[in-house]
Structures are given as C-alpha cells and as structure tokens.
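Lettering of chains follows the sequences in order, A, B, ..., and the numbering in each one begins at 1.
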2 protein chains.
Amino acid sequence: MIGTRPFSQALDRLKRHGLRPTRQRLALVKLLFDRGDRHLTADQLHAEAAAAGVRVSLATVYNTLNQFTAAGLLREVVVEAGRSYFDTNTSEHHHAMVEPTGELFDIPAGDVRLSALPPLPPGTKLRRVDVILRVVKSQDPAS
Amino acid sequence: MIGTRPFSQALDRLKRHGLRPTRQRLALVKLLFDRGDRHLTADQLHAEAAAAGVRVSLATVYNTLNQFTAAGLLREVVVEAGRSYFDTNTSEHHHAMVEPTGELFDIPAGDVRLSALPPLPPGTKLRRVDVILRVVKSQDPAS
DNA sequence: GTGATTGCAAATCTTTTGCACTAAA
DNA sequence: TTTAGTGCAAAAGATTTGCAATCAC
C-alpha cells in the first residue's frame, strides 16, 4: 500500500536517528523530506506547517531543526547575517545565493574544484569546506 | 614627523571615501587599520574603543561599520549564524574559521583554485565567491 | 507512571531606528 | 547657519529558555 510509505519513511528516519517520533516531528520530517532538496528557515517551515494544518509552535520548530541538525538529518547553511537556513541535502555540495532575495541553489561538489588545501591555522584540522557563489539577478536578462 | 602619520592616514582614508572625519570615525579608523588585517564584530570594536578611552556608543559603532562597508573600506564576513564580522582586508581572499571560537584567518585567494564556474541560476551573474574552511582545534596537537 | 517533548511567554542577543542634541563645513 | 553625525533609549527580528502541561514508552 503506497499510501503508507511516506509515513513509515518519516517514522524510520526518526527512529534511525534515535529521535522519539512525536506528532510534531513526524509532520516536520514529512514537510522537510517529501519534496526533494530544500533550504528552509525556521519561520518558513513554521508557515508551511500552519498551511498544512499542522499545529506546531515556532519554538518547537526551532528546537526540532536544531535536534535534526545535531542528529545529522539536516545541515545548517549560513549565508546571510541574520538568518539560518536548514538544508535537507546533507551530502557534500555547495551553494549559490541570489542577492538580495536570499534564495539558495545547490552546486554539486564536483562542479567546484579546489586546489590542494591551503595551510590551515596551526593546530587545527579541516572539518568542512563551504563555497558560496554570491550572484545577483542580471540587469540584462539576455546576457 | 612620524608621530603624525597615523593621524593623517586615518584622516586621508576618510576623506578619500567622502566620509566626514568626526572624532568617533577617526578613532575607529585608527583602531581598525593601525594593526594589520583584522576581523572584528561591532561589539568587539566597541569594547576596544572603550578600552582605548574612546567614548562611542554601540549604535554609532554599528552605523559606522555599515557606512565603512558601503564606502568600500571594509568587507562584511558572515560565517556564523547570529554574528557579523567586519574585515579590514577588502582584497580578494577567503577565510578559515575555527570552531567553536569563531576566530577567523585569511586564506590568500591564490591558495584556493576554483574550477571553471559552475552553471549559475538562470538570469543571474556572479558577484563574489566566498570560500570558508571550517576547522576545529585538533585533539592531537602533534598531527 | 516516568521521563522526554511541547507550547507559551518571557528573555536574550544582535542590529536598526527615531529623535533631540552636537559638531563639521 | 545648515546639514551630517552622534547618543540614547526604544524597537525590531531571530533564536533560546523556563516551566507547567502533555505525550510516548
């Protein structure tokens, strides 16, 4: 029965990461992962939940996004001063960000070639590399 | 007379960018540029000013940093969710950021080679590329 | 039951803004 | 003078937190 698939997928995803499957978490997991790769702020997800008839407080959305990130379900993307995006794609990749709207697009890791690593600050090791292409809507739509 | 150099340098820098040289701006320019490349938050600069005996309000520090950035004297760097750094190095370069302290180090642009540009979102043109190496203090200081 | 989770409101943190006052040109 | 710049306090926006009520196990 295909209709039950999304539910068990969401449930499995939570269980796999040791998160108790509450009504709110199940709903948020579905909103996040049922529609491909997404970049959402807490506020956007909260609005989506409301639109979908799911009652969740904004505080719970924040807490849940942080838990999901800590559990490895999501990745936090910081490209603008006062706003955090949560990315459902946790595999290695980069981002293009459209100014000033803040829209995000994925850039496959393979599309950006980084030379041999530059010297790191002493006593540190590399955890991750983020490449952000900051783009603007071009005045000339033909170019 | 060498003693007057820093003063006229600060004054020139402001004049060159069409900024009226007030007592506060002169003091902030000196704090920012007399000590090599720096990455500072508004709060840090405000604290430095206070320590140096310069009376400036935090609001003025924020406004001044934004004006300096708009005038091209500084560059804003966003690497952490709720905090903006201002970089006195406005030439092309990248950053290494130490977690979780937030310390920033410059990476020369030449140390990172980017392949041919990946396809950009349609109707946009590239404004800037930011590369952020996220590093952690290594447990093993010898490595 | 018992401990984890939620909702709400209040608190926190960073940054911006309104407005009367002060200083630069 | 005239206009730009400053300080203060209040406002704004994003995020976190304290605590009582609720839910999963």
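- Protein atom CG of A:L45 is 12 Å distant from nucleotide atom P of D:dT15, rounded to whole Å.
- When the side-chain nitrogen and oxygen atoms of A:T22 are compared with OP1 and OP2 of C:dT6, one or more of them lie within a distance under 4.0 Å.
- Proximity of a side-chain donor or acceptor of B:T90 to a complementary backbone N or O of B:L73 within less than 3.5 Å is not detected.
- Counting only heavy atoms from C-beta on, A:T64 has its side chain closest to C:dT6 among C:dT6, C:dC8, C:dT15.
- If you measure from atom CD of A:Q67 to atom C1' of D:dT15, you get 14 Å, rounded to the nearest angstrom.
- The CG atom of A:L19 sits 11 Å away from the C1' atom of C:dT5 (whole-angstrom rounding).
- Using a 4.0 Å heavy-atom distance criterion, B:N66 is classed as a sugar-phosphate-only contact.
- A sub-4.0 Å separation between OP1 or OP2 of C:dG7 and a side-chain N or O of A:S57 is present.
- By the 4.5 Å heavy-atom criterion applied to side chains, B:R55 and B:R23 are counted as neighbours.
- The CZ atom of B:R55 sits 13 Å away from the C1' atom of C:dA23 (whole-angstrom rounding).
- Regarding A:L65, its CG atom lies at a distance of 15 Å from the P atom of C:dT5, rounded to whole Å.
- In this structure, B:R20 and B:L58 both approach DNA chain C, and ranking their closest nucleotides by distance from the 5' end singles out B:L58.
- Note on B:R25: a side-chain N or O is less than 4.0 Å away from OP1 or OP2 of D:dG5.
- Rounded to an integer number of Å, the gap from CG of B:L28 to P of D:dG5 is 14 Å.
- Rounded to whole Å, the distance from CG on A:D43 to C1' on D:dG13 is 10 Å.
- The stretch residues 76-85 of chain B comes close to DNA chain C through B:G82, B:R83, B:S84, each having a heavy atom under 4.0 Å from the strand.
- Regarding contacts with the backbone of C:dG7, a side-chain N or O of A:Q24 is found under 4.0 angstrom from either OP1 or OP2.
- Proximity of A:Y62 to the phosphate of D:dT15: a side-chain N or O atom is located under 4.0 Å from OP1 or OP2.
- A donor-acceptor contact closer than 3.5 angstrom links the side chains of B:D106 and B:H39.
- Residue B:H46 contributes atom NE2, which lies 13 Å from atom P of C:dT14 at whole-angstrom precision.
- Each of B:P21 and A:N63 was matched to the nucleotide of DNA chain C holding its nearest heavy atom; the match closer to the 5' end belongs to A:N63.
- Taking hydrophobic clusters as Ile, Leu, Val, Met, Phe, Trp and Tyr residues chained together by side-chain heavy-atom distances below 4.5 Å, A:L126 does not share a cluster with B:M97.
- Separation of atoms CZ (B:F86) and CG (B:L74) is listed at 7.5 Å; rounding is to 0.5 Å.
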Show the numbers, then the answer: is there a salt bridge (Lys or Arg N to Asp or Glu O under 4.0 Å) between B:R128 and A:E99? CA-CA 11 Å; B:R128 191 170 108 189; A:E99 296 178 339; over 6 Å; no
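- No donor-acceptor contact under 3.5 angstrom links the side chains of A:H93 and A:D111, judged on distance only.
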